[in-house]
Structure formats: structure tokens, C-alpha cells
A.B. asks: 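Right, I'll just put the structure down here and ask away after.
Because the structure is predicted, anything quoted here is derived from the model rather than measured. Whatever order the structure lists ligands and atoms in, that order sets their numbers, starting from 1.
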Amino acid sequence: MTATPDQLAHRIGAPRLDIDPFSDDFLNNPYPYHEEIREAGPVVWLSPYGIWAVGRHEHVRAGLNDWQNFISSAGVGLANFRTEKPFRPPSLILEADPPQHTRSRTVLARILSPKMMQQVRDAFAEQAELLIDRLVEKGEIDAVKELAEVYPLKVFPDALGLADEGRENLLLYGNMVFNAFGPRNHIFQEAVTRYEPVREWIMNKCQREELRPGGFGDLIYQAADAGEITYDEAPMLVRSFLSAGVDTTVNGLGNAIFCLANHPEQYDKLVATPALARAAFEEALRYESSVQTFFRTVNQSLEFAGVSMQENDKVLFFLAAANRDPRQWKDPEVFDIERRPVGHMAFGSGIHGCVGQVVARLEGELILDALARKVKRIELIGQPVRRLNNTLRALDSLPVRFIPH
Ligand code: OVM
């Protein structure tokens, strides 16, 4: 985005920071930078990309709830689809505004409903039991490779109705999709290189023949049968499940176990009261948000928090910074599973708020509940290794020992 001197003059009212939110340094430890952005002002100009950054809870929430002014159809990454070619055909839900967004969302929200969660709950619970039993038996494990990646790759594709073969390709796809919301930096390039060989596999899995009748994927095609969406839209909405349904929960679980391993007194509370499983997962989402950021695009020139923004400006909303904003949370740097962090931004907010959050919460609850009942103590036995991603807070490895009751 190139701004004229005149446009830049408008921006003098806002603080400017020379921070690259997609640098290795930022992504390794974003929290000091989040604080800098929050404390500089409600809206900050990030000069390396010529974008706005919003890090305070009140303003992240307000921006995400104003879908008419902060639109998604021009992309929710750094690229502006009005002027740059999207790296893949835009999502019909994430990268869409009403009325298209509403039609897509209605179908996906019905499939991912609380009622549907009752139907899959027993199957999801059984897999959590089996997995944690197996890992307790093993003792020393990598909680990312053997737990956080394994569980979502089992239960979610099962519910979608995908065959077993090649499911690990979904990790490469999710990793690439979430990197593509950032710039074309080395992290993105490496993700694309790893994804390239599985591109055909992913696209093929969006076809009806690949999806077990009655599964979440087939239910999208049934919505097309009923005339709610077109047959062209159905595979694209299956693609949304494949894009957003795995890497998000993988990192939600990985981050939750990371938090509990680093805060043994909190894990003790969970063991004493396994019914805290759902609350513990929620607090981990606040404290280490899997999805750290999303962009919006300014539809028409406007004022936001006293700052003039121009049509087509990109605005980066820091969900994870909002989740540690001291204006919103008491002792935000304290991980406390009894906090009940209502209003956290980890699932976004407004019409684009995560449509799959009931699935994510179910997975989080069932894994943490099984852990609490079967594992007395989680010991870190090696250095956790980060996986840098332009959007996700992710781990590559988390070596732990599970001490059984
Ligand atoms: C989609 C999509 C992709 C990534 C994330 C997401 C968090 C949605 O393709 O619709 O939501």
C-alpha cells in the first residue's frame, strides 16, 4: 500500500512504531511488543508495512464488531484483495462480508451446533481416554507430536467423514493458510514449499465422494441439495473446515498443556477438580491465544479512536494483545484456571467470531479432563521448541513426563 504525503499527514496524529509483527524475534516472544503497541495508543501506525495496529481490548472488540467499516472481503491478512491477487480463491466465510458471509455461516453454524456436539461427544471422549491412557503408559512423550497433533487429527476428520489415509497433510495445509495471512517472508515461503506436494490431496478431499455420508462434510453438500448454497460453494466450505479446524485446535491443546506444565500449582488445581477442565482450556486460550491476529480492511475513510483511516488501509487486530490488556484483566500476566476469562478475544468477536468454537472447547475439555483424572503431575523434561507462524502461536515440540496417579 503506497500512501500519498497527504494521506500520511492524516496519520501523524497516531503514534508510529518501527515494529515488524512477523519477524522471528516478534513471533518468538510477542508479549513485550504487544505491551508496547497497547501502551503507545489505541491505534498505532506500524511503519515497516504501512498498516494500523490495534492492541487494546476495547478497540479490538469494537473494530471486530464493526464489519461494515472493517471488512473481511478484501482479505483478513496483509494482502488487500482489491489490489493484490489472493494466494488462493477467497474463503466464502472468512474472507467474505454479508450477504455471502451470512449464507455460508448459517450452514456451518448449524453443522457445528451445540446439538451436534452432543452427538459427537461420546466418540470424542472415547478417543481422549484411549490416547491419554496410551501416553500415560509411555510416560515420556512429546506433548505436541504425540498428543496435541494426534487428537484433533483423529476426532475432527472422523467427524468430517474423511478417510484415514494422509490426514497429516491437514497440518501442512493449516500451517500454510495461517502463514499466508502475513507477508511473503521466509516463514511463509517454507510453509508453501512443504504444502505444495499435498495441494492436490487437499482439494480432492473437498469433493463429496471423499466424505462419509452423514459427516460434517457431507452435511455441507446436503445444504446444497436443499438449495441453501450452490454446488460450487459446497467444496469451498469443506475447504474452510480443512483450513480452520485442525491447526487451530492442535495449537490450542499444545498451548494449554504448555501452560499447565509451566504452572504446576494450576495443574494441581485441575487435578483436584477435573470439572475445571473447560475453564482451564478457556484461560489457556486467553493466556496463549492460538490465533494471535487478524487483519481487516477499511471500507471507506473513517475515524477510529480519534485517528483518521483511509479507504483500503489495512488494520491488524491483536487478539492476543487484547487478551492481556491490563485495562480489561486483573493481573493479565497471571495464568489462573479459575479466572473464567469471559470476553476474551481468542475466538474473535462479532459476525466472524469462530464458528467452530464449540468443537474446539469440546476437544479442550475432554483432553484436559482425561489428563486431570489420569495424570497426577506433568513434568517438563526438555526445552519446548517453537514453530514460528505468521498468525498462530505454535509449538513444534513439548517434551514432558506424565506421572500417573
Ligand atoms: C477458511 C478459514 C481459514 C483459516 C482460518 C479460518 C479462523 C477460516 O478457509 O474459511 O478461520
Side-chain angles (χ1 to χ4, degrees), residues 60 64 67 70-79 81 86-98 100-112 152 156-157 160 162 169-182 187-188 191-192 195 198-199 202-203 205-206 216-217 220 223 229 232-253 255 285 289-296 316-320 322-323 344-361 363-364 389-394:
V60 168
L64 294 180
W67 58 266
F70 296 108
I71 62 170
S72 290
S73 57
V76 297
L78 178 62
F81 294 175
F87 87 100
R88 58 171 196 166
S91 162
L92 298 179
I93 182 163
L94 179 77
E95 294 154 329
D97 300 322
Q100 167 67 255
H101 169 269
T102 315
R103 287 199 307 137
S104 306
R105 172 110 189 174
T106 302
V107 171
L108 298 195
R110 191 178 56 236
I111 296 171
L112 304 174
F156 188 64
L160 272 177
L162 281 186
N169 294 339
L170 295 169
L171 292 175
L172 296 178
Y173 188 53
N175 185 51
M176 192 275 303
V177 167
F178 282 94
N179 273 313
F181 297 130
I187 306 174
F188 168 80
V192 171
Y195 153 72
V198 309
R199 179 207 289 275
I202 296 284
M203 294 315 145
K205 291 300 169 193
C206 297
F216 294 172
I220 292 177
I229 53 170
D232 288 343
E233 290 172 326
M236 287 294 287
L237 290 175
V238 175
R239 194 194 70 171
S240 285
F241 279 165
L242 303 187
S243 304
V246 177
D247 214 358
T248 47
T249 48
V250 163
N251 290 297
L253 292 173
N255 292 343
L285 284 169
S289 306
S290 337
V291 177
Q292 294 265 300
T293 50
F294 266 124
F295 283 89
R296 294 290 188 264
L316 182 53
F317 290 98
F318 282 85
L319 314 177
N323 285 343
H344 74 67
M345 291 289 122
F347 289 127
S349 184
I351 64 166
H352 289 280
C354 180
V355 73
Q357 57 188 278
V358 291
V359 188
R361 289 193 171 112
E363 292 182 25
N389 182 290
N390 285 329
T391 301
L392 298 171
R393 179 98 173 129

A.B. asks: Using the salt bridge (charged side-chain N to carboxylate O under 4.0 Å, His left out) criterion, which residues pair with R239? Sequence neighbours excluded.
C.D. replies: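 Partners of R239 by the salt bridge (charged side-chain N to carboxylate O under 4.0 Å, His left out) criterion come out as none, since no residue qualifies.
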A.B. asks: Tell me which residues fall inside the under-4.0 Å heavy-atom shell around ligand 1.
C.D. replies: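 The answer is R88, S91, I93, L94, V177, F178, F181, S240, S243, A244, F294, counting any residue whose heavy atom sits under 4.0 Å from ligand 1.
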A.B. asks: Does any N or O in the side chain of N323 come within less than 3.5 Å of the main-chain N or O of M345, such that one atom is a donor and the other an acceptor?
C.D. replies: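 At least one qualifying donor-acceptor pair exists.
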A.B. asks: Suppose we screen for side-chain contact (heavy atoms from CB on, under 4.5 Å). Which residues come up paired with H352, at least two apart in sequence or across chains?
C.D. replies: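 By the side-chain contact (heavy atoms from CB on, under 4.5 Å) rule, H352 matches S72, H101, R296.
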A.B. asks: With distance as the sole test, does S289 use its side chain to make a donor-acceptor pair with the main-chain N or O of A320 at under 3.5 Å?
C.D. replies: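 Flag not set: sc S289 to bb A320 has no pair under 3.5 Å.
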A.B. asks: I need the single residue from F294, F181, F70, F295 that forms a ring-ring contact (aromatic ring centres under 6.0 Å, His included) with F317. Which is it?
C.D. replies: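 Only one option passes, and that is F70.
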A.B. asks: Could you work out, with side chain to side chain donor-acceptor pair (under 3.5 Å) as the rule, every residue matching N169, not counting sequence neighbours?
C.D. replies: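 Applying side chain to side chain donor-acceptor pair (under 3.5 Å) to N169 gives none.
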